[in-house]
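This report concerns only the one structure given below.
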Amino acid sequence: MKYQVERLVQAALATLPADILPTDISPTVVVERTRDPAHGDFATNVALQLAKPARRNPRQLAEAIVAALAPTDLIEKVEIAGPGFINFHLSARAYQEELARIFDLGPTYGYSARPAGERIVVEFVSANPTGPLHVGHGRQAALGDALSALLQTQGYEVTREFYYNDAGVQIHNLALSVQARARGLKPGDPEWPADAYNGEYIQDIAADFLAKKTVHAADGEPVKANGKVDDLDAIRKFAVAYLRHEQDIDLQKFGVRFDVYYLESSLYTDGRVERTVETLIKNGKTYEKDGALWLRTTEYGDDKDRVMRKSDGTYTYFVPDVAYHVTKWERGFRRAINIQGSDHHGTIARVRAGLQALNIGIPQGYPDYVLHKMVRVMRDGQEVKISKRAGSYVTLRDLIDWVGRDAVRFFLVSRKADAEFVFDVDLALAQTEENPVFYVQYAHARVCSVFRQLAEKGLVHEREIGELNIARLTETYEKTLIRKLTAYPEVLESAATSHEPHQLAHYLRELAGEFHTYYNAVQFLVDDVGLRNARLNLIAATRQVLENGLKILGVSAPEKM
RNA sequence: GCCCCCGUAGCUCAGUGGAUAGAGCGACCGCCUCCUAAGCGGUAGGUCGCAGGUUCAAUUCCUGCCGGGGGCGCCA
């Protein structure tokens, strides 16, 4: 709908004579939803924007624009208001057409009509296979999956990707930890390794290793333990497979699926890390100092150069990271979005610098990042900092067990990523008024209930009759609800392009609110067939939009509560 | 010291270069002979951290300061 108004204004501007609007001015028309319904449905400030360059009084200019608008039955009334805003009041017909689109498109209502077809990779979670997923990973999973779904509504072909840091020191420490547990040691013992992982899950892995069990991660081969305590390599393989499988279970419980698991170790085995380093050396972007190899990241805006190859001959973590991002580019992803904790923000400059220094045509801002702040968990009015299984942090599994998947997913995307988040377990558990998840789901269930009652009365919903009677939906709360419903495609576009899924969560909360108001104000199952079906159309459309929006967030839309 | 993010109602948070700054919770007052009261209506509550600047217009953009969080490793 917004587009239609935008195009209308644009066309009007194009027809203005040069003495009113000089031809060298090419304005970008911004049409917005009005905040106050008295100002109509949409408004543009284009006359105010143009007033200065055109050296004209804004109201005068607005009048000229309005006069040049092509006639259309989508708009009932155009007004000039305040200093020079142009307000558009849509016709009942415009709304009827939009409601019809909701029915016709169903689950795909709100999707962008433009077939972008561009491929984009969204990387998220990317947890080290050294322990259970924590609540921060949960925030990433909720954000990443919702953002991916949002991008899909805009026509992108999205790949959800998980990067496994299965090489490096932390994996070695994991193997040592399991080995120590297998030998009967525990944290605090004198022989317990210094950098070991202390969580209880290490004991579980050791026990299964000794019992010669088999584990199977989502995309790997089954790994059978040989039970030999001295075989550190076997322990490492088993422990990694074990923890990857554990993470698979958590993610599945959370309703998040990945298309690609990319293993850091593969970057070494297929020579990509070496090739990356060679290219950087060849391009003259490196130098030797103190027995280490350095990358001149300062040439690309970093505040100091960074070590690539340590004096012991191993690489620092960002080297495989650069090699990894080259594969994203080479796999045809012209856009890449990484979702990470804000504690990683310092690494962004390094990775981008490495990609630039390779000089293979990757643009400067590649990849994009969405950084999120920490999650703190409150329960019974106190912060929860530890869990039995992981030791030093609350796991995603704990959270899902406590409050259920729907609440966790909705809560974790309901705030801007860059704001700190306090997860209130008691609030999420409350199946009462103040819990936003239940509030939205309840709206959906209530519509379903109305249709069940309709069937019990032996009646059917007749859409065409409703459409003929849409003009009878004249109450304020009916108009407000229609307006809200038809804003849905704009919300999806905005949330997708700004990488902000929380916009959708807020929208759904508001939409549910408008519905509850409506529900309370009128009876739907009235004897008047025309009015009844007009109202049923409206709430059926509401149900559809609620369902579509919740699906994007990975939250269920129950028919009964 | 440097870099990034945040600072809006008692609390948790939305929002915007424009027309009276919003929601939920909490407080207070109302609403079930009626499709789920897990709901709805109303009242109260704000110098949008502080100070400058840009603009016809700043809570929104810029600069500085104050307060909170995170990051500044030959760790990942």
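FYI, side chains are in, hydrogens and waters are out, and symmetry mates aren't considered; it's all heavy atoms of this structure.
Between Tyr262(A) and Phe162(A), a ring centre-to-centre spacing not shorter than 6.0 Å is recorded.
Of the candidates C40(B), A19(B), A76(B), the closest approach to any side-chain atom of Ala81(A) belongs to A19(B). The side chain of Met374(A) lies closest to G70(B), out of A19(B), C74(B), G70(B). Closest contact between the side chain of Val422(A) and the listed nucleotides A38(B), C13(B), A76(B) involves C13(B). Of the listed nucleotides (A76(B), G70(B), C74(B)), A76(B) has the atom at the smallest distance from the side chain of Asn165(A). Distances were taken from every side-chain heavy atom of Glu500(A) (C-beta onward) to each of A38(B), A19(B), G15(B); the shortest belongs to G15(B). Closest contact between the side chain of Ala43(A) and the listed nucleotides A19(B), U36(B), C13(B) involves A19(B). Ranking A76(B), A37(B), C5(B) by closeness to the Asp418(A) side chain, first place goes to C5(B). The side chain of Glu420(A) lies closest to G69(B), out of A38(B), C75(B), G69(B). Residue Val169(A) has its side chain nearest to A76(B) when only U12(B), C40(B), A76(B) are considered.
The interatomic distance linking His172(A) (NE2) with A76(B) (C1') rounds to 15 Å, in whole Å. Remark: C1' of C75(B) and CG of Asp312(A) are 12 Å apart, rounded to the nearest angstrom. Between the CD1 atom of Ile348(A) and the P atom of C5(B) there is a distance of 10 Å, rounded to whole Å.
Residues from residues 129-137 of chain A with heavy atoms under 4.0 angstrom of RNA chain B: there are none.
Remark: Lys328(A) engages Glu123(A) in a salt bridge, criterion side-chain N to carboxylate O under 4.0 Å.
Counting non-hydrogen atoms under 4.0 angstrom, Val437(A) reaches nothing in the nucleic acid. Among the protein residues, His345(A) comes within range of the nucleic acid bases, having at least one heavy atom under 4.0 Å from a base atom. Contacts of Phe318(A) with the nucleic acid, taken as non-hydrogen atoms under 4.0 Å apart, are absent. Across all strands, Ala445(A) comes closer than 4.0 Å to base atoms (heavy-atom distances). Counting any heavy atom pair closer than 4.0 Å across all strands shown, Gln170(A) reaches sugar-phosphate atoms only and no base atom.
Taking side-chain N and O atoms only, His502(A) has a distance below 4.0 Å to OP1 or OP2 of G15(B). The shortest distance between the side-chain N/O atoms of Gln453(A) and the OP1/OP2 oxygens of C34(B) is not below 4.0 Å. Using a 4.0 Å cut-off, some side-chain N or O of Arg446(A) falls inside it from OP1 or OP2 of A37(B). Within the 4.0 Å cut-off from OP1 or OP2 of G15(B), at least one side-chain nitrogen or oxygen of Lys416(A) is found. An OP1 or OP2 oxygen of G73(B) is reached within less than 4.0 angstrom by no side-chain nitrogen or oxygen of Thr316(A). Note on Lys304(A): every side-chain N or O is 4.0 Å or more away from OP1 and OP2 of G1(B). Taking only side-chain nitrogens and oxygens, Tyr439(A) comes nearer than 4.0 Å to OP1 or OP2 of C40(B).
A gap of 12 Å separates the P atoms of G7(B) and U60(B), to the nearest Å. Only the C1' atoms considered, U59(B) is 11 Å distant from G17(B), to the nearest whole Å. Nucleotides C6(B) and C74(B) have their P atoms positioned 29 Å apart, rounded to a whole Å. Taking the P atom of each, A19(B) and G69(B) are spaced 35 Å apart, rounded to whole Å. Comparing the same atom, C1', in G41(B) and in C48(B) gives a spacing of 28 Å after rounding to whole Å. A distance of about 15 Å separates the P atoms of A27(B) and C11(B), rounded to the whole Å. With C1' as the reference atom, G45(B) and A21(B) are 14 Å apart, rounded to whole Å. G64(B) sits 34 Å from A23(B) when the C1' atoms are compared, rounded to a whole Å.
Each of Asp343(A) and Asp290(A) was assigned the nucleotide of RNA chain B with the nearest heavy atom; the assignment lying further toward the 5' end belongs to Asp343(A). Heavy-atom distances to RNA chain B give each of Glu32(A) and Thr517(A) a nearest nucleotide, and the one nearer the 5′ end belongs to Glu32(A).
Between the side chains of Gln441(A) and Asp406(A), at least one donor N or O sits under 3.5 Å from an acceptor N or O. In this model, no donor atom of one side chain and acceptor atom of the other lie less than 3.5 Å apart for Thr130(A) and Asn128(A).
A donor and an acceptor atom sit less than 3.5 Å apart, one in the side chain of Ser311(A) and one in the base of C74(B). A donor-acceptor contact under 3.5 Å is formed by the side chain of Lys373(A) with the base of G69(B).
Taking the centre and axis of the six-membered ring of Tyr261(A), the NZ or CZ atom of Arg244(A) falls inside the cone set by 45° and 6.0 Å. A cation-pi arrangement is not found for Arg535(A) relative to Phe524(A), the charged atom failing to lie both closer than 6.0 Å to the ring centre and inside a 45° cone about the ring normal.
In this structure G39(B) sits in a base pair with C31(B), meeting the Watson-Crick or G-U test at under 3.5 Å. Under the Watson-Crick and G-U wobble criteria, each requiring two contacts below 3.5 Å, nucleotide A51(B) is paired to U63(B).
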| Do Gln503(A) and Ser494(A) pass the side-chain hydrogen bond (donor to acceptor under 3.5 Å, both in side chains) test, and can you show the C-alpha distance, the side-chain angles, and the key distance before you say yes or no? | CA-CA 8 Å; Gln503(A) 290 184 20; Ser494(A) 171; 2.7 Å; yes

| What's the verdict on salt bridge (Lys or Arg N to Asp or Glu O under 4.0 Å) for Arg472(A) and Asp528(A), showing C-alpha distance, side-chain angles and the deciding distance? | CA-CA 11 Å; Arg472(A) 298 181 63 188; Asp528(A) 182 333; 2.5 Å; yes

| request: I would like to know whether Glu274(A) and Arg272(A) meet salt bridge (Lys or Arg N to Asp or Glu O under 4.0 Å); could you show each step before the answer? | output: CA-CA 5 Å; Glu274(A) 278 301 325; Arg272(A) 284 186 169 275; over 6 Å; no

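The glycosidic torsion of C50(B) lies more than 90° away from 0, placing the base in the anti range.
By the 5.5 Å and 30° criteria, Phe85(A) is stacked with the base of A19(B). Per the stacking criterion (ring centres < 5.5 Å, plane angle < 30°), Tyr442(A) does not stack onto the base of U36(B).
Counting heavy atoms from C-beta outward, Arg306(A) and Thr316(A) have side chains that stay 4.5 Å or more apart.
Under the side chain to side chain contact (heavy atoms under 4.5 Å, CB included) test applied with Tyr518(A), the options Thr480(A), Leu481(A), Thr542(A) reduce to a single match, Leu481(A).
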